[in-house]
Amino acid sequence: MVNGHPLFVTIFILGAIVFFTGLILRLFIYWRGQWDLWAFLKGVFLTLFSVKILNIIKVFFLDGILQRRLFGQDQLRWLMKVLIMIGYPGILIAGHLKVETMDQFARFPHVIKFFYAPFCDFYFFRDVSSPSLGLIDALFAISFDLFGAMILMGELIAIYRRFVAKAVIFKTSVGDIVAVNLLGGWFILRFFCETTSILTYSLPDSVAQYWFLSFTLSKIVSPLGLPWASLNYPLWSLSGFFLATLVGFIPYNKKLWHIITIPVVMFINLMPKEAFKPGAKKTPIPLSIKELIALDSCVKCGSCVDVCPVYEQTQQLETTMGGIFTNIKSFIRNAYGLPGIFYGFTKTKDVPKEYSEHPYLCTLCGRCTIVCPAFIDTKELRIAARGFMVEKGKYPHIIDQLAETLNKFYNILGEPNEDRPMWVQALEDLPEHMFQRERAKTVYFVGCVASYFPMTKRIPQSFVQILNKAGVDFTILGGEEWCCGFPLIAAGMEKKAEALIQHNLEKVKEKGAERIIFACPSCYHIWMEQCKADIEIFHSTQFIKKLIDEGKVSFKERKMKVTYHDPCDLGRTSGIYEAPREILKAIPGVELVEMEGNKEQCKCCGGGGDLEMLRPDLSAALAQAKIEEIKATGADMVVTACQQCIRTILTTARRKKIPITVMDITEFVLKNMDGG
Ligand code: SF4
Ligand code: SF4
C-alpha cells in the first residue's frame with residue numbers, strides 16, 4: 001500500500017504522470033507549428049456541430065474499428081487490427097463499467113475509480129462470497145476474457161507477421177518491440193493474475209468458469225501446488241507495472257501514439273481548410289498543426305510502399321511516404337523538441353542534405369492516400385514536406401528555375417505568353433474572334449501543356465470545335481491566361497503561386513463568365529481548391545457529358561475496343577471516374593475494357609508531381625510500366641482526359657518505339673461526333 005492505495009494502482013498513477021509529461025512534450029511541438037487559435041477553435045466548433053460529425057462516426061466505425069481499408073489489401077493484417085481495435089476499447093470500457101457497479105469503490109471519486117478499473121477483479125475475486133454469479137457479473141467476466149483473448153490473438157498475428165512471415169517492410173525498432181511486448185504482456189499477466197486469484201481464494205467452479213481462459217489456466221497450473229496466495233499480490237503489482245509502462249510509453253512511441261492521433265486525424269480531416277491557416281506571427285516550425293499531427297500518425301506500416309509506382313522502380317524506402325514522414329518527424333522532434341532545447345537549435349536545426357531530393361521523388365498520384373490506415377492525406381502531407389524543405393533551403397534548385405520562369409513568362413516552358421493561343425491557327429474555318437471574345441458565359445482555360453506542346457495541341461483544337469458545334473457561348477483567355485500555379489504548389493512553393501491564381505481569377509471575372517472549363521485535371525483541381533468566387537467549375541469530361549445529356553452532342557457508330565486511363569488528379573484527387581466512362585459508353589460500337597488497375601487503383605503514368613522535371617528517367621520508367629498495362633488489355637487505343645498523361649505516355653512510346661494509340665477524350669469525341 002502507498003498512501004492507502006495498493007502498489008499496482010500507485011504504479012499506474014505514476015505511468016499516467018509519465019504519459020501526461022509526454023503528452024505535453026508532443027503538444028509543445030504542435031504549439032510551435034503554424035496556427036491561428038481562433039480559426040482553429042472555430043473550425044472545431046463548426047465541425048462538431050455539423051452533419052459532418054455523423055460522417056466521422058460512420059468513418060470511425062467502418063474504417064477505425066472495422067478497418068475497411070485493410071480488408072481488400074491484406075486480410076491477415078486486417079484480422080490483427082480488427083481484433084486489437086475491438087479488444088482494447090472493449091476491455092477498457094468493460095473494466096470502467098464494472099468498477100462503477102462495485103460497492104468497494106462506491107466512495108471513490110471517478111478519477112480514482114479510473115485507476116482501479118484495470119484491477120477491479122483483484123477485489124472482486126477477494127470479496128466474492130456467493131456460490132454463483134449474477135447475470136451482469138457473469139457478462140463482465142466473459143467479456144473480460146473474450147476481449148483479452150482477441151487482443152492476444154491480434155498480438156500473436158502481429159508477432160507472426162513481423163518475425164516469421166517478415167511481412168513488414170520497414171525495419172523493426174527496439175521501441176516497436178517494446179511496444180508489442182507491453183501490449184501483449186499486460187494481457188498475458190492479467191490472465192495469470194486472474195488465475196492466481198481464482199486459486200488463492202479457492203473460487204468455486206460455478207463462479208470461476210465465467211473467466212473461461214483464466215479458469216482453464218487455473219485447472220492446468222493448480223497441480224503445481226505453488227504458493228498462490230504469496231504470488232497473487234506481486235503478480236497483480238507486476239501487471240500494474242506493465243500497464244503503467246504501456247500507458248507511460250504511449251507518447252514516446254509511434255506505434256502507441258497513433259492510438260491517440262488517429263481519431264484526431266479523422267476529425268481534423270473533416271475540418272474546414274481555413275481552420276489551419278497560419279497565424280500572423282512566424283512560427284519556428286513551418287508546418288500547420290494538422291500537418292504535424294498527421295506526421296505523428298504515421299506508424300511506418302508500409303501500406304503506402306506496397307502501392308507506390310515510384311517505389312516499384314526505385315526500391316528506395318526513404319522516398320516513400322513512410323520514409324519521408326519518419327525522417328522529417330524525427331528531425332522535428334530533435335530540433336524543436338527537448339533535444340533542441342537542451343543542446344541548442346544550432347546543433348540540431350539543419351535538415352540532413354540527403355533528405356532534400358527525397359520528397360520530390362513522387363508523382364503525387366495519391367495511390368497511397370487511399371490505403372493509408374492512419375487516414376493521413378499523404379499527398380497533401382508530401383506537398384507540405386516539400387514546403388518544409390523549401391523553408392529550410394534544402395531542395396533541388398531546379399525548382400527555383402521553374403519559379404523564375406513562371407515569374408517572368410507565366411508559363412512553364414518560358415515561351416512568350418502571348419503565343420499561348422497559337423494552336424488556333426491550325427484550325428479550318430476559324431472565326432474572326434479566334435475564340436477570344438470580350439465577354440462570354442463560359443471560359444475555356446487551356447493550360448500550359450496543351451497550349452505549347454505540339455503533341456497535345458490537338459486537345460484545345462478538338463475541344464473548341466466540340467463547344468462550337470454544340471453552340472456554347474465561350475471564350476479562351478489567350479495571352480491573358482497564366483499558369484494555374486499547380487507546378488509551384490506541387491513543388492512546395494504555394495505562396496509563389498498566389499499571384500498567378502489571383503490574375504487568372506480576375507481575367508475570368510472580366511469576361512463576365514458564369515462557368516469555367518478545364519481539360520487539364522491539375523488546373524481543374526487547383527481551381528476547385530483555390531477559387532472562392534461564385535463560378536461553376538467543370539472538367540471537360542463533365543461538360544461533354546452534360547452536352548450529351550442535353551442532346552447537343554451525339555455520335556456516329558465506331559467499332560473499336562478502347563481502354564481508359566484515369567488521370568490521378570481527375571480520378572483519385574477529384575473523384576471523377578464515371579463521366580469519361582459514360583462518354584465512351586455513349587458512342588455506339590465502342591467497347592470499353594478496363595486495365596488491371598483502374599479507377600481508384602489506377603497507376604500513375606509518371607507525369608505528375610514535378611517528377612519529370614527532376615528525374616525524367618524515373619518518370620519514363622513509370623510511363624513504360626503504364627504502357628505495358630495498357631497493351632495487356634488488348635485494346636485498340638487508350639483514351640485519357642489529361643494533357644500531361646498524353647504527353648508522358650506518347651513520349652515514352654515514341655522513344656521506345658512501342659506502337660500505341662493514345663488519345664485525349666476531347667479528340668476521341670470530336671472524331672466520333674455526328675457531323676465531326
Ligand atoms: S503514410 Fe500511412 S500507409 Fe504509409 S507508412 Fe505511414 S501510416 Fe502506413
Ligand atoms: S503519391 Fe503516388 S508516387 Fe507518391 S508516394 Fe504515394 S503512391 Fe508513391
Side-chain angles (χ1 to χ4, degrees), residues 1-13 87-88 90-108 112-153 155-156 184-244 246:
M1 293 274 181
V2 180
N3 289 335
H5 294 297
L7 191 57
F8 42 75
V9 169
T10 309
I11 299 172
F12 186 26
I13 292 172
Y88 261 101
I91 203 158
L92 291 174
I93 293 168
H96 285 91
L97 289 177
K98 181 165 180 178
V99 95
E100 293 293 339
T101 67
M102 290 173 67
D103 295 340
Q104 292 95 322
F105 308 109
R107 65 190 169 83
F108 287 175
I112 296 296
K113 280 184 191 170
F114 174 87
F115 290 103
Y116 275 85
F119 313 102
C120 59
D121 274 347
F122 173 82
Y123 296 94
F124 191 85
F125 289 128
R126 187 192 67 183
D127 300 338
V128 68
S129 53
S130 159
S132 63
L133 281 192
L135 178 66
I136 300 291
D137 287 332
L139 284 177
F140 275 131
I142 292 169
S143 63
F144 283 149
D145 275 25
L146 194 63
F147 290 132
M150 289 173 91
I151 294 165
L152 281 180
M153 262 170 70
E155 291 297 328
L156 286 175
W186 179 53
F187 284 102
I188 293 172
L189 261 175
R190 195 189 156 108
F191 286 133
F192 278 103
C193 292
E194 288 172 0
T195 303
T196 53
S197 281
I198 290 170
L199 294 168
T200 299
Y201 300 110
S202 305
L203 253 62
D205 289 0
S206 55
V207 171
Q209 63 183 342
Y210 294 102
W211 286 265
F212 56 93
L213 285 179
S214 314
F215 174 66
T216 312
L217 195 57
S218 72
K219 292 289 175 205
I220 296 169
V221 299
S222 159
L224 296 176
L226 296 175
W228 305 115
S230 317
L231 285 173
N232 192 28
Y233 188 73
L235 265 184
W236 278 99
S237 301
L238 190 62
S239 91
F241 174 76
F242 261 71
L243 181 61
L246 174 65

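Position 1 is the first residue of the sequence; numbering continues from there.
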### Task
Check step by step if side-chain contact (heavy atoms from CB on, under 4.5 Å) holds for Tyr233 and Leu7.
CA-CA 9 Å; Tyr233 188 73; Leu7 191 57; 3.5 Å; yes
### Query
For Leu146 and Phe212, what are the C-alpha separation, side-chain angles and deciding distance, and is it a side-chain contact (heavy atoms from CB on, under 4.5 Å)?
CA-CA 8 Å; Leu146 194 63; Phe212 56 93; 4.1 Å; yes
### Task
Kindly determine whether Val221 and Trp228 satisfy side-chain contact (heavy atoms from CB on, under 4.5 Å), including the steps that lead there.
CA-CA 10 Å; Val221 299; Trp228 305 115; 3.8 Å; yes
### Task
Assess whether side-chain contact (heavy atoms from CB on, under 4.5 Å) is satisfied between Tyr201 and Asn232, documenting all intermediate values.
CA-CA 10 Å; Tyr201 300 110; Asn232 192 28; 3.7 Å; yes
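With values rounded to the nearest 0.5 angstrom, Ser218 atom OG is found 11.0 Å from Leu213 atom CG. With rounding to the nearest 0.5 Å, the separation of CD in Gln209 from CG in Leu203 is 11.0 Å. From Leu139, atom CG reaches atom CZ of Phe144 across 11.5 Å, with rounding to the nearest 0.5 Å. To the nearest 0.5 angstrom, Phe108 atom CZ is 6.5 Å from His5 atom NE2. For the atom pair CZ of Phe215 and CG of Leu199, the computed distance is 10.5 Å after rounding to the nearest 0.5 Å. Here Leu243 contributes atom CG and Ile11 contributes atom CD1; the two are 10.0 Å apart, rounded to the nearest 0.5 Å.
Here the closest non-hydrogen pair linking Ser143 and Ala94 is OG-CB, 3.9 Å. The two residues Gly148 and Phe187 have their closest heavy-atom pair at CA-CD2, 4.2 Å.
Relative orientation of the Phe105 and Tyr116 rings is tilted, given thresholds of 30° and 60° on the angle between their planes. The aromatic rings of Phe8 and Tyr123 sit perpendicular to each other, their planes meeting at more than 60°, with 30° as the lower class boundary. Between Trp211 and Phe124, the angle of the ring planes lies from 30° to 60°, which puts this pair in the tilted group.
Under 3.5 Å, the side chains of Trp236 and Thr196 contain no donor-acceptor pair of N or O atoms.
In this structure a side-chain-to-backbone donor-acceptor pair under 3.5 Å is present from Thr101 to Lys98. Checking side-chain atoms of Ser239 against main-chain N and O of Leu189 turns up no donor-acceptor pair under 3.5 Å. Checking side-chain atoms of Asp121 against main-chain N and O of Glu194 turns up no donor-acceptor pair under 3.5 Å.
At least one side-chain heavy atom of Pro118 sits less than 4.5 Å from a side-chain heavy atom of Phe12. Residues Val99 and Phe114 are not in side-chain contact: their nearest non-hydrogen atoms beyond the backbone lie 4.5 Å or more apart. In this structure, Arg190 and Ile91 have side chains that are in contact, with non-hydrogen atoms separated by less than 4.5 Å.
None of Leu238, Leu235, Ile188 except one satisfies the side chain to side chain contact (heavy atoms under 4.5 Å, CB included) rule with Cys193; the exception is Leu235.
Remark: Phe241 CZ is loosely packed, at most 12 non-hydrogen atoms of other residues, nucleotides or ligands lying under 6.0 Å away. With a 6.0 Å radius and a threshold of 12 heavy atoms from other residues, nucleotides or ligands, Phe125 has its CZ atom above the threshold. Shown here is Ile112, whose CD1 atom has more than 12 heavy atoms of other residues, nucleotides or ligands within 6.0 Å.
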